Peer 1: 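First, the structure itself, so that you have it in front of you.
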Amino acid sequence: MQKADILIQGCLILPMSHANFIEDGGLAIKGQKITFVGKRSATANITAETKLNAKGMVAIPGLINCHTHVPMALFRGIAEDQPLNAWLKNTIWPLEAKLKTDDIYAGALLGCLEMIKSGTTCFADMYFHENMVAKAVEKSGLRGVLAEGIIEFEKAQGEKMLKASVSFAKTFHGHANGRITAFLGPHAAYSCSPELLEKIRENASELGIGAHIHLSESEEMFSKLENKHGSTEVEFLERIGFFKGHTLAAHCIHLSEKDRRILSKHRVHVAHNPVANAKLGLGIAKVKELFDLGINVGLGTDGPATNNTLDMFETMKFAALLQKHLYLDPKSLSAYETLKMATINAAKALKLEESIGSLEVGKKADVILVDLLKPHLRPMHNIYANLVHSARGSDVDTVIVDGKIVMANRQVKTLDEQAVMENAEKTALSLN
């Protein structure tokens with residue numbers, strides 16, 4: 001008999017390593033890893049301490065949020081209907097100046113709770129005092145690819161923040177039993193000097209980690225850089241050698257054909273944030289052109305202050321619909337390709353494709369079960385369409401991260417939900 005810690009039986013399984021699915025499936029987990037994926041009939045010789053009857057559910061890889069600023073859950077709805085520049089300068093930056101480390105932890109915990117409840121098992125975050133986000137990741141049981149943010153209003157500040165980002169990476173990369181990995185986090189090409197950006201890439205290469213940066217997000221915000229250097233952000237970053245290592249570029253809305261070819265040449269990974277981009281009136285990234293050039297594109301929510309939620313199901317639907325709207329073509333982004341963007345593509349963007357992003361033997365057990373016995377998910381003609389266009393984060397029943405059950409029957413096991421929400425509410429009100 002084969003022994004497992006968790007055995008899931010009776011569900012539909014979408015491995016996401018290919019487009020086929022398994023009906024009446026079984027999935028076994030031992031320790032951190034998946035040890036069996038197949039038909040339930042083949043699980044007769046598997047014993048497990050915990051057996052989950054998942055009839056009426058679908059098992060998919062945990063969703064991966066490629067770009068966010070999770071502590072900004074404290075600012076949800078606080079500055080609506082403003083352009084990005086005014087939103088940052090008039091509201092967000094003054095509020096962030098008031099934040100204490102405990103405040104950031106309270107916001108990060110609220111964000112982690114929201115992500116668990118909506119089926120996200122891994123997220124890429126960029127913020128300051130990122131050690132508080134790491135603390136929230138460790139407590140919540142989630143997986144995080146975390147970057148201490150770097151911004152340079154003056155040279156001394158940039159050097160100080162680079163040092164802090166490198167120190168964070170050295171301390172937390174591989175932390176929490178491997179659930180935390182680190183990137184370096186330069187804010188953007190226009191908010192860091194060329195010299196600082198070169199140092200960031202050099203340090204990232206020495207550490208063997210990636211860099212997470214905002215890129216081509218707002219025409220207004222990067223126009224000064226283009227006037228100064230006579231090139232686009234993408235051309236500028238290529239010129240200084242920033243793309244020589246693994247790069248996760250968030251947004252990538254305003255790209256020329258030359259920009260896209262540069263990103264393809266250097267295998268830059270894109271985090272597409274359709275909801276936040278639309279809400280701030282920034283435009284729609286042309287995902288089809290990126291795909292046509294072989295560029296890997298994942299999905300992100302951006303921060304809860306610009307998106308208002310961290311629900312990746314909502315983000316998937318927006319991503320698919322906006323591409324169809326942009327190209328006036330209903331075939332431009334299929335539901336299957338969209339789900340790939342939130343799973344296996346996203347894992348590749350975070351340098352984690354060998355560990356997560358699909359349900360395969362030997363990979364880490366990051367699994368969610370979605371309850372399909374809901375009126376808005378019936379009938380089921382196309383499971384991928386149902387998940388992308390009909391499902392909601394609240395349809396997630398069970399969340400497993402690194403082989404541990406983090407939520408079952410919509411009850412979170414790692415956090416006191418009421419206490420987390422009350423503390424975040426109290427913290428947010430104290431900042432006004």
Side-chain angles (χ1 to χ4, degrees), residues 65-100 103-104 106-108 110-111 114-115 123-130 133 147-154 157 161 185-192 212-227 233 248-255 270-285 299-312 314-315 318-319 322 424-425 427-432:
N65 188 339
C66 277
H67 177 68
T68 191
H69 315 285
V70 166
M72 295 181 81
L74 295 176
F75 305 145
R76 193 191 316 268
I78 208 167
E80 294 294 289
D81 307 322
Q82 296 181 28
L84 178 61
N85 201 18
W87 177 82
L88 284 170
K89 291 181 178 179
N90 299 338
T91 304
I92 298 303
W93 285 343
L95 280 172
E96 288 182 329
K98 299 179 182 179
L99 289 175
K100 304 179 187 69
D103 300 334
I104 291 172
L110 179 63
E114 182 184 354
M115 287 188 284
F123 67 101
D125 193 72
M126 180 201 296
Y127 212 58
F128 56 96
H129 297 302
E130 194 71 9
V133 181
E148 176 80 18
I150 306 167
I151 196 165
E152 187 179 28
F153 294 120
E154 59 182 12
Q157 180 197 31
M161 295 189 82
H187 175 259
Y190 59 79
S191 56
C192 295
H212 184 174
I213 189 170
H214 297 87
L215 182 61
S216 298
E217 179 182 10
S218 163
E219 287 182 304
E220 178 187 2
M221 296 285 276
F222 62 71
S223 60
K224 290 182 180 178
L225 179 142
E226 293 188 342
N227 291 333
E233 278 187 281
L248 172 63
H251 301 294
C252 295
I253 304 167
H254 305 285
L255 300 174
V270 172
H272 176 41
N273 300 267
V275 179
N277 294 344
K279 187 169 185 286
L280 289 170
L282 297 173
I284 307 170
L299 286 177
T301 59
D302 210 345
T306 49
N307 184 312
N308 295 63
T309 85
L310 291 163
D311 187 344
M312 285 292 291
E314 178 184 80
T315 292
F318 258 78
L322 285 176
E425 185 84 20
T427 300
L429 292 175
S430 73
L431 297 171
N432 292 330

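Computed from a prediction, not measured in an experiment: that's the story for all the values here. Because only heavy atoms are used, hydrogens play no part in the values below, and waters and symmetry mates are left out as well, while side chains stay in.
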Peer 1: Can you tell if the side chain of Trp87 reaches within under 4.5 Å of the side chain of Thr306, non-hydrogen atoms only?
Peer 2: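 Contact flag for Trp87/Thr306 side chains = yes.
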
Peer 1: Evaluate the side-chain proximity of Pro83 to Leu280: yes if any heavy-atom separation is below 4.5 Å, no if none is.
Peer 2: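 They are not in side-chain contact.
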
Peer 1: For the side chain of Arg76 and the backbone of Asn308, is there at least one donor-acceptor N/O pair under 3.5 Å apart?
Peer 2: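 Pair found, side chain donor or acceptor close to backbone of Asn308.
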
Peer 1: If you compare all heavy atoms of Ala188 against all heavy atoms of Ile213, which two are closest, and at what distance to 0.1 Å?
Peer 2: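 Closest pair (atom of Ala188, atom of Ile213, distance): CA-CG1, 3.8 Å.
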
Peer 1: Taking Asn273's backbone N and O only, do any of them form a donor-acceptor pair with Asp302's side chain (distance below 3.5 Å, no angle check)?
Peer 2: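 No: the side chain of Asp302 does not pair with the backbone of Asn273.
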
Peer 1: Kindly say whether Leu431 contributes a backbone atom to a donor-acceptor pair with the side chain of Lys98 at under 3.5 angstrom?
Peer 2: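 Checking the backbone N and O of Leu431 against the side chain of Lys98, a donor-acceptor pair under 3.5 Å is found.
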
Peer 1: Using a distance-only test with no angle check, is there a side-chain donor-acceptor pair under 3.5 angstrom linking Thr301 and Asn65?
Peer 2: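 Yes, Asn65 and Thr301 have a side-chain donor paired with an acceptor closer than 3.5 Å.
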
Peer 1: Taking all atoms of both residues into account, what is the closest heavy-atom pair of His272 and Ala319, and its distance?
Peer 2: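 Looking at all heavy atoms of both residues, the closest pair is CD2-CB, 4.3 Å.
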
Peer 1: Begin with the C-alpha distance, continue with both residues' side-chain angles, and end with the deciding distance and a verdict on side-chain contact (heavy atoms from CB on, under 4.5 Å) for Thr91 and Phe75.
Peer 2: CA-CA 10 Å; Thr91 304; Phe75 305 145; over 6 Å; no

Peer 1: How close do Gly300 and Thr315 get, heavy atom to heavy atom, and via which atoms?
Peer 2: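 It is O-CG2, 3.6 Å.
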
Peer 1: Find the distance between CG (Leu255) and CG (Leu215) and round it off to the nearest 0.5 Å.
Peer 2: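 Separation between the atoms: 6.5 Å.
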
Peer 1: Ser191: what forms a side chain to side chain donor-acceptor pair (under 3.5 Å) with it, not counting sequence neighbours?
Peer 2: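 Ser191: side chain to side chain donor-acceptor pair (under 3.5 Å) contacts with His187.
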
Peer 1: Using side-chain contact (heavy atoms from CB on, under 4.5 Å), reason through Ile253 and Ser216 one step at a time and then give a plain yes or no.
Peer 2: CA-CA 6 Å; Ile253 304 167; Ser216 298; 5.7 Å; no

Peer 1: Would you compute the distance between atom OH of Tyr190 and atom CD of Glu226 and round it to the nearest 0.5 angstrom?
Peer 2: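 Here the interatomic distance stands at 12.0 Å.
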
Peer 1: Do we see a donor-acceptor contact under 3.5 Å between the side chains of Tyr127 and Glu96?
Peer 2: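 There is such a pair between these side chains.
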
Peer 1: Within the side chain of Asp125, is there an N or O that forms a donor-acceptor pair under 3.5 Å with the backbone of Val70?
Peer 2: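 Looks like yes, one N/O pair under 3.5 Å.
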
Peer 1: Determine whether His254 and Glu233 satisfy the following criterion, side-chain contact (heavy atoms from CB on, under 4.5 Å), listing intermediate values before the conclusion.
Peer 2: CA-CA 10 Å; His254 305 285; Glu233 278 187 281; over 6 Å; no

Peer 1: To the nearest 0.5 Å, how far apart are OG1 in Thr68 and CZ in Phe123?
Peer 2: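 Separation between the atoms: 8.0 Å.
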
Peer 1: Angle class for the His214/His67 ring planes (parallel below 30°, perpendicular above 60°, tilted otherwise)?
Peer 2: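 Correct class here is perpendicular.
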
Peer 1: When you compare the side chain of Val133 with that of Pro71, does any pair of heavy atoms fall below 4.5 Å?
Peer 2: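 A side-chain contact under 4.5 Å exists here.
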
Peer 1: Checking the side chain of Glu148 only, and the main-chain atoms of His129 only, is there a donor and an acceptor separated by less than 3.5 Å?
Peer 2: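 Yes: the side chain of Glu148 pairs with the backbone of His129.
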
Peer 1: Are any non-hydrogen side-chain atoms of Leu299 and Cys66 less than 4.5 angstrom apart?
Peer 2: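 No, too far: nothing below the 4.5 Å cut-off.
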
Peer 1: side-chain contact (heavy atoms from CB on, under 4.5 Å) for Asn307 and Lys279? Distances and angles first, verdict last.
Peer 2: CA-CA 7 Å; Asn307 184 312; Lys279 187 169 185 286; over 6 Å; no

Peer 1: Return the minimal non-hydrogen interatomic distance between Asp311 and Glu114, and the atom names on each side.
Peer 2: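 Closest heavy-atom pair between Asp311 and Glu114: N-OE2, 4.2 Å.
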
Peer 1: Would you say the side chain of Ile78 lies within less than 4.5 Å of the side chain of Leu95, judging by non-hydrogen atoms?
Peer 2: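 Result yes, sub-4.5 Å side-chain heavy-atom pair found.
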
Peer 1: Looking only at atom types and distance, does a side-chain atom of Gln157 sit under 3.5 Å from a main-chain N or O of Phe153, one as donor and one as acceptor?
Peer 2: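 The answer is yes, because a donor-acceptor pair under 3.5 Å joins these two groups.
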
Peer 1: If we only count heavy atoms from C-beta on, is the Met126 to His69 side-chain gap below 4.5 Å?
Peer 2: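 Yes, side chains in contact.
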
Peer 1: If you round to the nearest 0.5 Å, how far is CE of Met72 from CG of Leu110?
Peer 2: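 Here the rounded value is 13.5 Å.
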
Peer 1: Which atoms form the tightest heavy-atom contact between Ala73 and Gly107, and what is the distance?
Peer 2: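 The pair with the smallest heavy-atom distance is CB-O, 3.8 Å.
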
